Amino acid sequence: MNHWLLKSEPETFGIDALAALPKKTTAWDGVRNYQARNMLRDAMKKGDLAFFYHSNCKLPGIAGIVRIVSEGYPDETAFDARHAHYDPASTREHPRWFVVDVKLVVKFKRVITLDRLREHSSTELAGLALLRRGNRLSVTPVSKKEWDFILTLE
DNA sequence: GCCAACGTTGGC
DNA sequence: GCCAACGTTGGC
C-alpha cells in the first residue's frame with residue numbers, strides 16, 4: 001500500500017465539505033499538472049491512504065485522512081465547456097486528465113500544521129515532498145516512515 | 001530546442 | 001496583497 005498527500009484549498013473544497021457529502025466520497029477532480037496526473041492515473045491504488053492537506057488558507061496543514069477508493073479514471077470536468085476546469089484538449093477518446101475517488105477516513109481534532117511539520121524538516125521529515133522548497137504539486141507521495149511519524153504528531 | 005513572457009501556486 | 005518558485009506557452 002502506498003501513501004500520499006493531497007492538497008486542497010478549504011475555501012474551495014475543505015475536509016468539512018467532504019464530510020458533508022452523503023457517502024463522504026468524491027472524485028478528486030481539477031488536477032491540471034502532468035506529474036500529479038501521472039500519480040492519479042498510474043500510481044494510486046484502491047486502498048491507498050492519503051493525507052488531506054489544507055493549502056492557501058489561514059492555517060495550512062494536514063486536516064485528516066482519506067482512502068483511495070477507485071483506480072484512476074478520466075476527469076469529467078475537463079469535458080464540460082462551462083466548467084472552470086474545462087480543457088478542450090481533453091476528449092473522451094483521448095482523456096488528458098484523471099481523477100481517483102477518495103473517501104473520508106478521519107478528520108483530525110486539530111490540524112497538524114505546516115509549522116509543526118517544518119519542525120522536523122531536518123530530521124524525520126527531511127525527505128517529505130511537501131516541504132521541499134518551491135514545491136507546488138497538489139499530489140505528492142509520502143513514505144511509510146514519514147506517514148507513521150506524522151501520525152505521531154496528531 | 002531555446003528562452004522570455006505569462007499564469008498559477010501558496011506561504012506569508 | 002505581495003512575491004518567489006515553478007510550469008506552460010509560443011515566437012524564433
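In the text below, chain A, chain B and the rest are named by the order of the sequence lines, each starting its count at 1. Treat the numbers as computed from the prediction; the structure is a model and nothing was measured.
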> CE of A/M44 to CG of A/N38: how many Å apart, nearest 0.5 Å?
Replying inline: 11.5 Å
Under 3.5 Å, which N/O atoms of the protein pair with N/O atoms of nucleotides 6-9 of chain B?
unit_1	atom_1	unit_2	atom_2	d
B/dT8	O2	A/R136	NH1	2.8

> Looking at residues at least two apart in the chain, or sitting in another chain, which of them share a side-chain contact (heavy atoms from CB on, under 4.5 Å) with A/D148?
Replying inline: A/K144
> Who pairs with A/H120 by side chain to side chain donor-acceptor pair (under 3.5 Å), at least two apart in sequence or on another chain?
Replying inline: A/E124
>> Going by salt bridge (Lys or Arg N to Asp or Glu O under 4.0 Å), name the residues that satisfy it together with A/K23, two or more places apart in sequence or in a different chain.
In response: none
> What residues, two or more places apart in sequence or in another chain, satisfy side-chain contact (heavy atoms from CB on, under 4.5 Å) together with A/K103?
Replying inline: A/T25, A/V69
> Looking at residues at least two apart in the chain, or sitting in another chain, which of them share a ring-ring contact (aromatic ring centres under 6.0 Å, His included) with A/F13?
Replying inline: none
>> Near DNA chain B, counting only heavy atoms under 4.0 Å, which residues of residues 57-65 of chain A show up?
In response: A/P60
> With sequence neighbours excluded, what pairs up with A/W4 under the ring-ring contact (aromatic ring centres under 6.0 Å, His included) test?
Replying inline: none
> What parts of residues 111-119 of chain A reach DNA chain B, counting only heavy atoms under 4.0 Å away?
Replying inline: A/L114, A/R118
> With sequence neighbours left out, what residues match A/F52 under ring-ring contact (aromatic ring centres under 6.0 Å, His included)?
Replying inline: A/W28, A/H54
> Quick one: side-chain contact (heavy atoms from CB on, under 4.5 Å) partners of A/K58, sequence neighbours excluded?
Replying inline: none
> Who are the side-chain contact (heavy atoms from CB on, under 4.5 Å) partners of A/K45, not counting sequence neighbours?
Replying inline: A/D48, A/E71
>> Measure CG/A/L131 against C1'/B/dG10 and give the value in whole Å, please.
In response: 14 Å
